[in-house]
Asker: 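Before I ask anything, let me first share the structure, which is written out below as structure tokens.
Order of listing sets the numbers, starting from 1, for every ligand and every atom in it. If you're wondering where the values come from, they're calculated on a predicted model, not measured in any experiment.
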Amino acid sequence: MGGVDQAFVQEPEQRPKPSTIEVDGIPVIDMSVSGTGGIEKLASEIGNACRKWGFFQVINHGVPLELRQRVEKVAKAFFDLPIEEKRKAKRDELNFTGYHDEEHTKNVRDWKEVFDMLIEDPTFLPASPDPDDEEIRTYSNKWPENPPEFRETCQEYCREVEKLAFKLLELISLSLGLPANRLSDFFKHQTGMLRLNYYPPCPSPELALGVGRHRDGGALTVLAQDDVGGLQIRRQSDGEWIPIKPIPNAYIINIADALQVWSNNLYVSAEHRVVVNSERERFSIPLFFFPSHYVKVKPLEELVNEQNPAKYKEYSWGKFYVNRTGSNYKKLEAENLQIDHFKTPESE
Ligand code: OGA
Ligand code: NI
């Protein structure tokens with residue numbers, strides 16, 4: 001079918017439309033603050049974006065541009081290597097970090113290659129999704145030999161973007177009317193990762209997707225995209241797919257599932273996807289900010305009361321994550337685990 005293998009072909013209703021509408025996109029928020037009330041104003045802009053879209057872009061975020069350019073350069077150099085070379089750093093049964101080119105979203109193959117690295121090395125996670133299995137496994141990063149500066153550059157970049165993620169977490173806490181550090185303890189042994197995404201030109205961009213529609217499972221995603229464009233989010237009001245305009249040196253921030261649960265649905269983890277094109281390759285670099293494996297995710301007590309009961313039952317972040325990670329490898333019969341599975345009757 002078309003120029004791509006059947007495994008990549010989306011169901012007709014999931015395929016991208018040839019022309020997407022032009023709209024005013026998601027908010028662009030300037031993070032430089034000055035004067036009295038600066039922080040409160042910034043937190044309130046962020047809160048509005050989190051309620052309405054679950055997505056926003058930030059400028060003046062503090063991550064050095066020079067570092068971002070260096071990481072973009074090593075990403076390109078890595079994905080330009082011959083496939084045999086890239087596969088030397090391939091993900092395997094025991095270690096999910098490294099290179100892979102067989103990711104599926106909702107059981108259709110994504111038109112992309114990725115390189116994953118843990119922010120914390122080592123990272124601790126449950127050995128299995130089984131709730132009765134208490135074994136914890138230790139994961140370490142796998143690094144390619146080439147380009148030689150890959151490891152150091154990625155590690156340096158991770159540290160800087162992580163700082164931005166913690167800053168955003170504080171602003172989000174403030175925006176919910178909570179102390180700035182309310183959510184910080186959940187990230188003492190954070191389990192997040194940095195991903196380099198490479199979307200090669202696709203001969204049938206009308207049939208395949210770079211990443212199929214999904215919500216990010218963690219707390220927060222901080223994403224750098226290049227100037228090609230392709231990320232789209234699903235507008236809550238009408239379900240329309242809205243493109244996110246590339247802005248040089250900005251970061252795209254999105255609320256992920258755990259924050260939707262902590263906020264008891266005040267903030268939305270919005271559905272998004274990536275469309276590809278037949279001419280240009282595209283790169284993007286998300287940092288997925290995830291809590292410690294032992295964190296039990298549930299609506300924050302301060303946001304729950306009799307009029308507004310908890311909309312989710314508590315779940316273990318580590319077990320949820322491990323369940324999900326398994327489902328990215330291969331086509332599974334069942335739909336993978338979603339936070340909807342933890343909804344309480346009050347959420348209807
Ligand atoms: C993801 C994702 C968007 C992009 O990797 O979860 O949504 O623009 N990526 O690459
Ligand atoms: Ni995503």
Asker: I need the single residue from E113, K112, E281 that forms a side-chain hydrogen bond (donor to acceptor under 3.5 Å, both in side chains) with Y198. Which is it?
Answerer: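 Testing Y198 for a side-chain hydrogen bond (donor to acceptor under 3.5 Å, both in side chains) against E113, K112, E281 leaves exactly one candidate, E281.
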
Asker: Under a 3.5 Å threshold, yes or no: a donor from one side chain and an acceptor from the other, between R15 and Q10?
Answerer: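 Per modelled atom types, R15 and Q10 side chains form no pair under 3.5 Å.
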
Asker: Under 6.0 Å between ring centres, would you say that holds for H272 and H214?
Answerer: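 Yes.
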
Asker: Looking just at side-chain N and O atoms, do N48 and R51 make a donor-acceptor pair shorter than 3.5 Å?
Answerer: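 Yes.
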
Asker: Number the atoms of ligand 1 from 1 as they appear, then name those within less than 4.0 Å of a heavy atom of Y199, with their elements.
Answerer: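 Those of ligand 1 that fall under 4.0 Å from Y199 are 4 (C), 9 (N), 10 (O).
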
Asker: For V274, counting its heavy atoms only, list the atoms of ligand 1 lying under 4.0 Å from any of them.
Answerer: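 Near V274, meaning under 4.0 Å from one of its heavy atoms, ligand 1 has 3 (C), 4 (C), 8 (O), 10 (O).
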
Asker: Suppose I only count heavy atoms of R282 and a 4.0 Å limit; which atoms of ligand 1 are within that range?
Answerer: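 Numbered from 1, ligand 1 contributes 4 (C), 8 (O), 10 (O).
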
Asker: Check ligand 1 against D216 and write out every atom of the ligand that is under 4.0 Å from a heavy-atom position of the residue.
Answerer: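 Taking each heavy atom of D216 in turn, ligand 1 has 6 (O) under 4.0 Å.
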
Asker: For ligand 1, indicate whether the residue L223 contacts it via side chain, backbone, both or neither (heavy-atom separation under 4.0 Å).
Answerer: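 Side chain only.
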
Asker: So, do F290 and Q190 sit near enough that their side-chain heavy atoms are less than 4.5 Å apart?
Answerer: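 Contact flag for F290/Q190 side chains = no.
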
Asker: Is the closest heavy atom of H272 to ligand 1 under 4.0 Å?
Answerer: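 For ligand 1, residue contact (heavy atoms, under 4.0 Å) with H272 is present.
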
Asker: Can you pull out the closest protein heavy atom to atom 5 (O) of ligand 1? Residue, atom name and distance to 0.1 Å, please.
Answerer: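 Minimum-distance protein heavy atom for atom 5 (O) of ligand 1 reads N197 ND2, 3.4 Å.
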
Asker: May I ask you to check whether D30 and S32 show a side-chain donor-acceptor distance below 3.5 Å?
Answerer: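 Checked: D30/S32 side chains pair up, N/O donor to acceptor below 3.5 Å.
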
Asker: Decide if the gap between the ring center of Y315 and the ring center of H341 is smaller than 6.0 angstrom.
Answerer: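 Here the rings of H341 and Y315 have centres that are no less than 6.0 Å from each other.
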
Asker: Look only at the side chain of K163 and the backbone of V63, and say whether a donor-acceptor pair between them is shorter than 3.5 Å.
Answerer: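 No; zero donor-acceptor contacts below 3.5 Å.
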
Asker: Judged by modelled atom types alone, do W317 and S292 share a side-chain donor-acceptor pair under 3.5 Å?
Answerer: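 Judged by distance alone, the side chains do not pair up.
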
Asker: R195 versus ligand 1: do any nitrogen or oxygen atoms come within less than 3.5 Å of each other?
Answerer: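 In this structure, R195 places no N or O atom under 3.5 Å from an N or O of ligand 1.
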
Asker: F288 heavy atoms, cut-off 4.0 Å: which ligand 1 atoms fall inside?
Answerer: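 What qualifies from ligand 1 is 1 (C), 5 (O), 6 (O).
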
Asker: Mind checking whether K112 has a heavy atom under 4.0 Å from ligand 1?
Answerer: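 Per 4.0 Å heavy-atom rule, K112 does not contact ligand 1.
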
Asker: Will you find, in the side chains of Q225 and Y251, an N or O donor that is under 3.5 Å from an N or O acceptor?
Answerer: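 Absent: no donor and acceptor within the cut-off.
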
Asker: Taking the Ni ion (ligand 2) as the centre, how many protein N/O/S atoms fall inside a distance shorter than 2.8 Å?
Answerer: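 Counting protein N, O and S atoms closer than 2.8 Å to the Ni ion (ligand 2) gives 3.
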
Asker: Under 3.5 Å, side chain of N141 to main-chain N/O of L118, donor-acceptor pair present?
Answerer: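 Pair found, side chain donor or acceptor close to backbone of L118.
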
Asker: Among the heavy atoms of H214, does any lie under 4.0 Å from an atom of ligand 1?
Answerer: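 The answer is yes: ligand 1 sits under 4.0 Å from a heavy atom of H214.
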
